[in-house]
Amino acid sequence: KKMNFTDTVTLIMGCTSAFSVMVCVIVVTMVTLLGLCKHFMYRLATYQVVGALLMNVATGLAFLRYAGLSPKGSTACHVNAFVTVYFTWIKLLLTLGMTVHVFSYVVCRKSLAYLEWFYVAFSVLVPLLFSWVPFLTHTYNIADPNLGCFIDTSRNGIIERYSIYYGPLFLLMILDMVTITGMAIYVKRRSLTHTSSVMSSSLNNPYEAHRQGLLYFSPLLAYPMLFFVIILFPCLFRTLSTL
């Protein structure tokens, strides 16, 4: 059987998800074994990896169903669709929360580490407020051959797709990217500022302490950008398939 465009895209997404799950598991295992979780920055990074793991598990389940390797029936389809929406929102809120943490430190010079428990709870619990809505309206279903199990294309389904998924997802991602871009510019400028005074002083210099903090947190800026790139193509593919 000759593969069409949908088969090709689904196969690529399935293979990518399998590889990503393996990498995420290895990273989380290494972070745990090396005891890096005691550092706040590494915990923030680990939350991103766990969020990516969940998203790729959802994509992998969709691929298995498309390939005929998962249980059939409406219940399995409903669970698959729910997991896709729920896990995507967990990853998005974890990314937004990390952006808020980094912004607070980089721009406001204030650590929000004491709010870490709230950050995690908010990212996990808030998506439950709206990801269960399609269960009530019975719109978690086989959407179409291109999308597999998702929010269907009924009138209520289309409204829910754009109100609880595409609309806020794209809006928050754009807001996050604008914030990240601004912080990246700020970090670059601040890291080059006060160089002469720093070279002649110790770490007791507040400018040097802040500069070191910027360098400490700056790698985290890559996670939201990477998430945006990874999620953009699947979201565009799903959106265009409904037009």
Side-chain angles (χ1 to χ4, degrees), residues 10 13-14 16-17 20-21 24 46-66 70-100 116-177 223-224 226-228 230-242:
T10 305
M13 292 176 63
T16 303
S17 296
S20 298
V21 166
C24 289
T46 302
Y47 295 145
Q48 299 304 306
V49 175
V50 171
L53 173 62
L54 295 177
M55 274 191 62
N56 282 288
V57 165
T59 304
L61 290 176
F63 171 73
L64 290 177
R65 183 176 179 83
Y66 187 85
S70 65
K72 302 295 183 180
S74 58
T75 300
C77 184
H78 295 166
V79 171
N80 193 338
F82 169 78
V83 164
T84 299
V85 174
Y86 181 51
F87 284 176
T88 300
W89 269 104
I90 288 180
K91 172 58 177 170
L92 176 62
L93 292 183
L94 285 173
T95 302
L96 288 173
M98 190 200 68
T99 301
V100 171
E116 182 180 356
W117 65 271
F118 176 79
Y119 156 64
V120 176
F122 183 86
S123 300
V124 174
L125 298 178
V126 167
L128 288 174
L129 296 177
F130 44 82
S131 57
W132 59 268
V133 172
F135 276 125
L136 298 181
T137 57
H138 306 289
T139 52
Y140 277 145
N141 216 325
I142 298 179
D144 56 55
N146 292 337
L147 299 178
C149 296
F150 193 58
I151 303 173
D152 64 29
T153 55
S154 64
R155 182 173 180 276
N156 288 337
I158 293 297
I159 293 174
E160 289 167 6
R161 280 191 186 191
Y162 288 94
S163 61
I164 70 174
Y165 196 78
Y166 297 132
L169 193 68
F170 279 117
L171 179 63
L172 292 175
M173 282 197 300
I174 292 173
L175 178 63
D176 192 63
M177 284 303 299
Y223 286 92
L226 183 62
F227 170 67
F228 184 80
I230 292 175
I231 197 64
L232 182 62
F233 178 73
C235 282
L236 288 177
F237 180 66
R238 287 179 179 275
T239 304
L240 293 175
S241 298
T242 63

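Here the closest heavy-atom approach between residue Cys24 and residue Ala52 is recorded as SG-CB, 4.1 Å. For the residue pair Pro168 and Tyr162, the shortest heavy atom distance occurs at CD-O, 3.5 Å.
Using a 4.5 Å heavy-atom cutoff, the side chains of Val124 and Tyr86 are in contact. Residues Tyr165 and Thr88 form a side-chain contact, since some pair of their non-hydrogen atoms from C-beta on lies under 4.5 Å apart. Between Val50 and Leu94, the closest side-chain pair of non-hydrogen atoms is not below 4.5 Å. No side-chain heavy atom of Tyr119 sits less than 4.5 Å from a side-chain heavy atom of Leu93. In this structure the side chain of Ser131 reaches within 4.5 angstrom of the side chain of Phe82, judged on heavy atoms.
Distance check: Met55 CE to Leu92 CG gives 9.0 Å after rounding to the nearest 0.5 Å. Glu160 CD to Tyr140 OH: the interatomic distance, rounded to the nearest 0.5 Å, is 8.5 Å. We find the OG1-NE2 distance between Thr139 and His78 to be 9.0 Å, quoted to the nearest 0.5 Å. Note that the CZ atom of Phe150 and the CG atom of Asn80 stand 10.5 Å from one another [nearest 0.5 Å]. Taken to the nearest 0.5 Å, the OG1 atom of Thr95 stands 11.5 Å off from the CD1 atom of Ile90. Residue Thr84 holds its OG1 atom at 14.5 Å from CH2 of Trp89, rounded to the nearest 0.5 Å.
Take Phe122 and apply the ring-ring contact (aromatic ring centres under 6.0 Å, His included) test, not counting sequence neighbours, and it matches Phe118. A search for side chain to side chain donor-acceptor pair (under 3.5 Å) contacts involving Ser154 returns Asp152, not counting sequence neighbours.
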Worked check of side-chain hydrogen bond (donor to acceptor under 3.5 Å, both in side chains) between Thr137 and Asn156: CA-CA 7 Å; Thr137 57; Asn156 288 337; 5.7 Å; no

